[in-house]
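Step one of this worksheet: look at the structure below.
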Amino acid sequence: MKYNFESYLTRRETGSSKWLNMDSRCSNIGEGVIPMSVADMDFLTAPEIVEDLTDYVKTQTLGYSKPVDSYLESVVKFFKDYHNYEAEKEWIVTTPGIVSALATSVRAFTEVGDEVIIFTPVYHPFYDVIEGQGRKILECPLIYDNNEYKIDFDKFNELASKSEVKLVLFCSPHNPGGVVWTKEELTKVVEIVEKNDLLIVSDEIHADLIFNNKEHIIMGRVSDTIGDRAIVCTAASKTFNIAGLQCSNIFIKNENIRNKFVKCNEDIGIERANVLGLVATKSAYDNALDWLEEVKQVIDKNNNLIIEFFESYGNNFKVMKPDASFLVWVNFENLEKEHGKFMSFLDTQCNFFASDGLSFGDNGENFIRINTGLPTKKLLENLERVKIYLKEYYNLDK
């Protein structure tokens with residue numbers, strides 16, 4: 001490979017959320033353990049991005065900045081080339097992140113007491129941005145069947161018809177399940193949204209990391225009309241591991257919706273993306289696509305290693321094969337019915353720090369989400385400790 005995906009950094013002293021979370025969960029952590037929880041990667045940053053950031057810092061000031069035409073054109077080109085999504089640069093609103101865009105959408109387009117539909121289990125900030133602003137969560141639980149997630153369209157149709165519902169928060173591809181929704185599924189979602197005159201906000205942060213010959217379809221492409229009632233949330237942050245630079249690109253085709261979104265941010269003082277985030281995102285889309293293709297190979301290999309490892313224990317584990325991103329959703333209910341007991345086992349005995357499935361909602365009980373965005377050698381070390389202690393504590397052997 002052209003790029004180095006074997007080296008890693010110890011990120012504890014730099015304030016890494018993932019590493020600090022690991023330290024809070026266990027006081028006895030072995031040397032060289034990399035956590036596999038929070039969804040960022042432990043690969044070195046693409047050198048093209050590092051070079052462009054370095055050049056900018058050396059030659060420019062770090063004052064207030066707005067996205068210029070060349071930046072917007074790079075974003076539009078990437079989505080046309082990579083996703084066949086034909087957007088216009090005027091549709092783009094930059095924000096410090098997708099979570100803030102979700103929160104703005106809830107605040108701008110619903111009132112206190114209104115209901116917002118989410119498909120659960122789902123990324124935990126979906127819950128936070130609704131409840132934290134005095135709105136009500138309306139869960140449409142995904143159907144878990146044959147170790148796959150499907151949308152319950154009968155339930156969705158029923159919920160969407162309620163007068164209190166104004167908004168749908170949608171996760172595409174799905175986090176934590178790694179589901180790439182099909183054109184047929186997305187079309188049904190759009191039909192229900194349009195029939196009930198709802199607005200849909202689609203979190204598509206994992207859209208660039210697609211596997212198994214699947215195709216991710218940007219929400220704005222699903223129909224000729226959905227763009228008029230869709231807010232499409234994207235970022236280079238997961239794809240190129242630059243989340244700390246806080247830069248997201250929110251596509252809002254409808255001018256009235258876009259203006260209201262921007263005004264809502266201005267009213268509470270939320271600024272656009274920061275200047276280095278803009279530099280890094282443009283660099284990623286212009287110069288780091290070769291790095292992207294190689295990191296996808298490493299992630300795909302790591303995802304398959306996780307699948308093979310847990311499936312080798314027969315029916316004790318069920319692994320949802322991810323079609324997107326570096327996150328693998330594993331069900332352990334056949335091995336251990338006590339959720340907290342198994343999480344403690346993984347942390348304290350195995351030093352295997354995955355995300356707790358319950359953080360994605362009640363129907364995440366007896367699941368863990370494993371981040372595979374780390375050097376393959378370190379992943380194998382993590383799995384080896386699980387192998388040793390599964391044999392010792394659960395009498396399981398491969």
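Note that these values count all heavy atoms, side chains included, but never hydrogens, waters or copies made by symmetry.
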Could you check K378 against D42 for salt bridge (charged side-chain N to carboxylate O under 4.0 Å, His left out), going step by step and ending with a plain yes or no?
CA-CA 10 Å; K378 304 304 293 184; D42 280 283; over 6 Å; no
With a sphere of 6.0 Å drawn around [atom1] of [X], does it hold more than 12 non-hydrogen atoms of other residues, nucleotides or ligands?
X	atom1	result
E111	CD	no
N334	CG	yes
E6	CD	no
E293	CD	yes
E392	CD	yes

Which heavy atom of [X] sits nearest a heavy atom of [Y], and at what distance?
X	Y	result
H83	A207	CE1-O, 3.2 Å
Q133	A103	NE2-O, 3.1 Å
S37	R369	O-NH2, 3.0 Å

Between [Y] and [X], is there a salt bridge with N-O shorter than 4.0 Å?
X	Y	answer
E115	K162	yes
D208	K296	no
K89	D69	yes
D23	R12	yes
D267	K260	no
K155	E139	no
D347	R25	yes

Is the ring pair [X]/[Y] parallel, tilted or perpendicular, if the boundaries are 30 and 60 degrees?
X	Y	value
F79	Y85	perpendicular
Y393	Y389	tilted
F367	Y149	tilted

Please evaluate residues V298 and M1 with respect to the criterion side chain to side chain contact (heavy atoms under 4.5 Å, CB included), reporting the C-alpha separation (whole Å), side-chain torsions for both, the decisive distance (0.1 Å), and the verdict.
CA-CA 10 Å; V298 178; M1 281 188 165; 3.9 Å; yes
Are [X] and [Y] grouped together when hydrophobic residues (ILVMFWY) are joined by side-chain heavy atoms under 4.5 angstrom apart?
X	Y	result
Y82	I250	no
V106	I117	no
Y127	L358	no
L169	I205	yes
V193	V201	no

Cation-aromatic face contact K188/F153, 6.0 Å, 45 degrees
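Because its charged atom sits under 6.0 Å from the ring centre and within 45° of the axis, K188 does stack over F153.
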Please lay out, stage by stage, how T182 and E184 fare under the test side chain to side chain donor-acceptor pair (under 3.5 Å).
CA-CA 5 Å; T182 66; E184 180 183 10; 5.0 Å; no
Side chain to side chain donor-acceptor pair (under 3.5 Å) assessment of Y285 paired with D81
CA-CA 10 Å; Y285 289 159; D81 294 347; over 6 Å; no
Tell me, with the steps shown, if T376 and L305 meet side chain to side chain contact (heavy atoms under 4.5 Å, CB included).
CA-CA 9 Å; T376 302; L305 284 171; 3.6 Å; yes
Side chain of [X], backbone of [Y]: donor and acceptor closer than 3.5 Å?
X	Y	value
H339	N366	yes
R272	T95	no
R229	E194	no
R135	V116	no
N212	K214	no
N28	T348	no

Determine, stepwise, if the pair Y394 / F345 fulfils ring pair (Phe, Tyr, Trp, His ring centres under 6.0 Å).
CA-CA 10 Å; Y394 287 93; F345 163 76; 5.2 Å; yes
With salt bridge (charged side-chain N to carboxylate O under 4.0 Å, His left out) as the criterion, how do D114 and K136 come out once you've worked through the C-alpha distance, each side chain's angles and the decisive distance to 0.1 Å?
CA-CA 6 Å; D114 283 347; K136 298 177 182 178; over 6 Å; no
Taking the six-membered ring for Trp, is the centroid-to-centroid distance between [X] and [Y] below 6.0 Å?
X	Y	answer
F5	W291	yes
W91	F251	no
F119	F170	yes

Name the atoms and distances for all side-chain donor-acceptor pairs under 3.5 Å in residues 50-57, with sequence neighbours left out.
| residue | atom | partner | partner atom | Å |
| --- | --- | --- | --- | --- |
| D52 | OD2 | S283 | OG | 2.6 |
| D52 | OD2 | N287 | ND2 | 2.9 |
| T54 | OG1 | V50 | O | 2.7 |

Worked verdict on R11 versus T14 for side chain to side chain donor-acceptor pair (under 3.5 Å)
CA-CA 5 Å; R11 300 166 57 199; T14 64; 5.2 Å; no
N196 and S161: side chain to side chain donor-acceptor pair (under 3.5 Å), yes or no, with the steps?
CA-CA 6 Å; N196 292 281; S161 66; 5.1 Å; no
Interatomic spacing from OG in S344 to CG in L346 - rounded to 0.5 Å
9.0 Å
Return all side-chain donor-acceptor pairs below 3.5 angstrom for residues 312-320, not counting sequence neighbours, or 'none' if the list is empty.
| residue | atom | partner | partner atom | Å |
| --- | --- | --- | --- | --- |
| S312 | OG | F309 | O | 2.5 |
| N316 | ND2 | Y313 | O | 2.8 |

Under the criterion side chain to side chain contact (heavy atoms under 4.5 Å, CB included), I'd like the reasoning laid out for L383 against F310: C-alpha separation, chi angles, the key distance, then a yes or no.
CA-CA 9 Å; L383 291 175; F310 284 100; 4.3 Å; yes
In sequence, state the C-alpha distance, the side-chain angles, and the governing distance for I268 and R107, and then conclude on side chain to side chain contact (heavy atoms under 4.5 Å, CB included).
CA-CA 11 Å; I268 62 167; R107 187 169 55 252; 2.8 Å; yes
